[in-house]
Amino acid sequence: MTEFEASRVVVLTGANEGIGYGMLTTLLEDGYRVAALDVDGEHVRPLQETSPDRVRFYDCDVTVDGDVEAAIADVLDRWGTIDILVNNAAILDFGFFEEQTLADTRRTFEVNYFGYLRTIRAVLPHMLARNEGRIHNVSSGVGLVGNPGLTGYASTKGAIESFTRSLRLELQHTNVSCSVMHPRLAKTRSATALDYPASAMSDPTDVGRKLARQVESTDRVVMADWFTRVGLAVARLFPYLVKRGTERFVVEHESRTGERAR
């Protein structure tokens, strides 16, 4: 890493665990300064204690305008710049559509979609004033191919895909880029509830490391690795594979609802 890169500042949401924590530790290893935003700082605070000049934890709920604005303002006050924004904070509540309330879906959108928009609105004016910056929005393959029981989560990721493409076009004559990041399916706390085979789920720290090593990318889509790229391409090309691979969710749901009806 060059001296220029070593001084660069990254704002990372959802940094306390899972893929986000893997990104955080890798960015620190690579010499970046990182502002870690999360509602829980259990794992981030020890890093701040040992490297206060290179990592700052912000107790920030991305659904609250004031939290986001205060965190971004403090980062700019302390470090004077924000070079890269990685929107990673997300929630995943499994449940079939008829079991989910509108309030459930609104909550998911507040975190997974509007939470991204809040941080971008707070950071973008600074990046445009400097005419330099990178914005990465962590997405998911389910936003492109779907998954039964994840109508709310998949909708938020599909919306982020469209939003990112549109914002990227709006920024095309600037040096501010906007990309989607696609992680590989990882054994995170939320994904574990889906009960996918262990062989199909990667170590979230490893996935985070792979994404962190690509934060300087200005590509439209940033994939964690070739496996993710190929797997998503195959799923989109052959939707029946997605149907077959997720059929058990439907069968289990029909079994539960059938038992309740009897």
Side-chain angles (χ1 to χ4, degrees), residues 9-28 32-52 54-79 82 84-95 100-124 135-140 143 150 152-157 159-160 163 181 183 186-194 204-205 207-208 211-212 215:
V9 174
V10 180
V11 171
L12 171 64
T13 71
N16 187 63
E17 63 177 314
I19 293 172
Y21 186 74
M23 293 189 72
L24 170 61
T25 54
T26 302
L27 289 168
L28 292 176
Y32 289 89
R33 290 176 288 172
V34 184
L37 280 57
D38 208 310
V39 293
D40 183 359
E42 177 184 0
H43 301 121
V44 180
R45 284 194 177 94
L47 297 177
Q48 177 177 274
E49 291 173 1
T50 57
S51 302
R54 296 187 46 239
V55 58
R56 299 292 304 177
F57 169 68
Y58 292 89
D59 187 350
C60 176
D61 184 341
V62 295
T63 71
V64 179
D65 293 348
D67 279 12
V68 173
E69 292 164 2
I72 297 305
D74 191 74
V75 174
L76 290 173
D77 183 59
R78 287 177 180 274
W79 287 336
I82 294 173
I84 301 168
L85 168 64
V86 181
N87 279 310
N88 173 67
I91 57 173
L92 185 157
D93 291 327
F94 184 85
Q100 297 283 300
T101 66
L102 286 177
D104 292 331
T105 304
R106 286 194 181 102
R107 175 174 173 267
T108 304
F109 264 89
E110 277 295 333
V111 177
N112 301 4
Y113 180 75
F114 290 108
Y116 283 29
L117 269 59
R118 284 185 182 90
T119 56
I120 293 172
R121 283 193 179 279
V123 169
L124 187 57
I135 298 169
H136 297 296
N137 295 322
V138 177
S139 185
S140 169
L150 293 178
Y153 178 81
S155 296
T156 64
K157 294 305 184 180
I160 283 299
F163 168 78
M181 280 187 159
K187 193 175 182 180
T188 60
R189 180 163 52 89
S190 56
T192 300
L194 301 178
T205 300
V207 176
L211 291 177
V215 292

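Here the structure is a predicted model, which means the values were calculated and not measured.
- Taken from CD in Glu17 to CG in Leu24, the straight-line distance is 12.5 Å, to the nearest 0.5 Å.
- The backbone N or O of Val39 lies less than 3.5 Å from no partner atom in the side chain of Asn16, so there is not a single donor-acceptor pair.
- One N or O on the side chain of Thr13 and one on the backbone of Asn88 form a donor-acceptor pair closer than 3.5 Å.
- For the pair Leu211 and Thr26, the minimum side-chain heavy-atom distance is 4.5 Å or more.
- In this structure, the side chain of Asp74 does not engage the main chain of Ala71 through any donor-acceptor pair within 3.5 Å.
- Between the side chain of Arg56 and the backbone N or O of Gln48, no donor-acceptor pair lies under 3.5 Å.
- The structure places CD1 of Ile72 at 11.0 Å from CD1 of Ile120, a figure rounded to the nearest 0.5 Å.
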Self-check item: Check against side-chain contact (heavy atoms from CB on, under 4.5 Å), Met181 and Met23
Solution: CA-CA 12 Å; Met181 280 187 159; Met23 293 189 72; 4.3 Å; yes
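- Residues that satisfy the ring pair (Phe, Tyr, Trp, His ring centres under 6.0 Å) test with Tyr21, not counting sequence neighbours, are His43.
- Note on ring orientation: taking the six-membered ring where Trp is involved, the planes of Phe109 and Phe114 are tilted (angle from 30° to 60°).
- For Glu69, the side-chain contact (heavy atoms from CB on, under 4.5 Å) criterion is met by Asp65, not counting sequence neighbours.
- Side-chain contact between Phe163 and Tyr116 is absent, with no heavy-atom pair separated by less than 4.5 Å.
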Quiz item: Passes side-chain contact (heavy atoms from CB on, under 4.5 Å), Val68 versus Leu37? Steps please.
Solution: CA-CA 9 Å; Val68 173; Leu37 280 57; 5.6 Å; no
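- Tyr153 places none of its side-chain heavy atoms less than 4.5 Å from the side chain of Asp93.
- In this structure, the separation between CG on Asp40 and CG on Asp61 is 12.0 Å, given to the nearest 0.5 Å.
- Formation of a donor-acceptor pair under 3.5 Å by the His136 side chain with backbone atoms of Ile84 is not found in this model.
- Put simply, the side chain of Phe94 reaches to within 4.5 Å of the side chain of Leu150, judged on heavy atoms.
- None of Leu12, Asn137, Val123 except one satisfies the side-chain contact (heavy atoms from CB on, under 4.5 Å) rule with Asn87; the exception is Asn137.
- Nearest heavy-atom pair, Ala90 versus Lys157, reported as atom, atom and distance to 0.1 Å: CB-NZ, 4.1 Å.
- Looking at Thr119 and Val11, their side chains never come closer than 4.5 Å, going by heavy atoms from C-beta outward.
- In plain terms, the two heavy atoms of Val34 and Trp79 that are nearest each other are O-CH2, 3.6 Å.
- Between Ala36 and Ala15, the shortest heavy-atom distance links the atoms CB-CB, 3.6 Å.
- Between Thr25 and Leu47 there is a side-chain heavy-atom pair separated by less than 4.5 Å.
- Side-chain atoms of Val138 and Ile19, non-hydrogen and from C-beta on, never get closer than 4.5 Å to each other.
- Just one of Thr63, Thr105, Thr156, Ile91 meets the side-chain contact (heavy atoms from CB on, under 4.5 Å) condition when paired with Glu110; it is Thr63.
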Self-check item: Full working for side-chain contact (heavy atoms from CB on, under 4.5 Å) between Asp38 and Phe57
Solution: CA-CA 8 Å; Asp38 208 310; Phe57 169 68; 4.1 Å; yes
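- Looking at Val62 and Arg118, their side chains never come closer than 4.5 Å, going by heavy atoms from C-beta outward.
- Looking at Ser140, its side chain never comes within 3.5 Å of a backbone N or O of Gly143 through a donor-acceptor pair.
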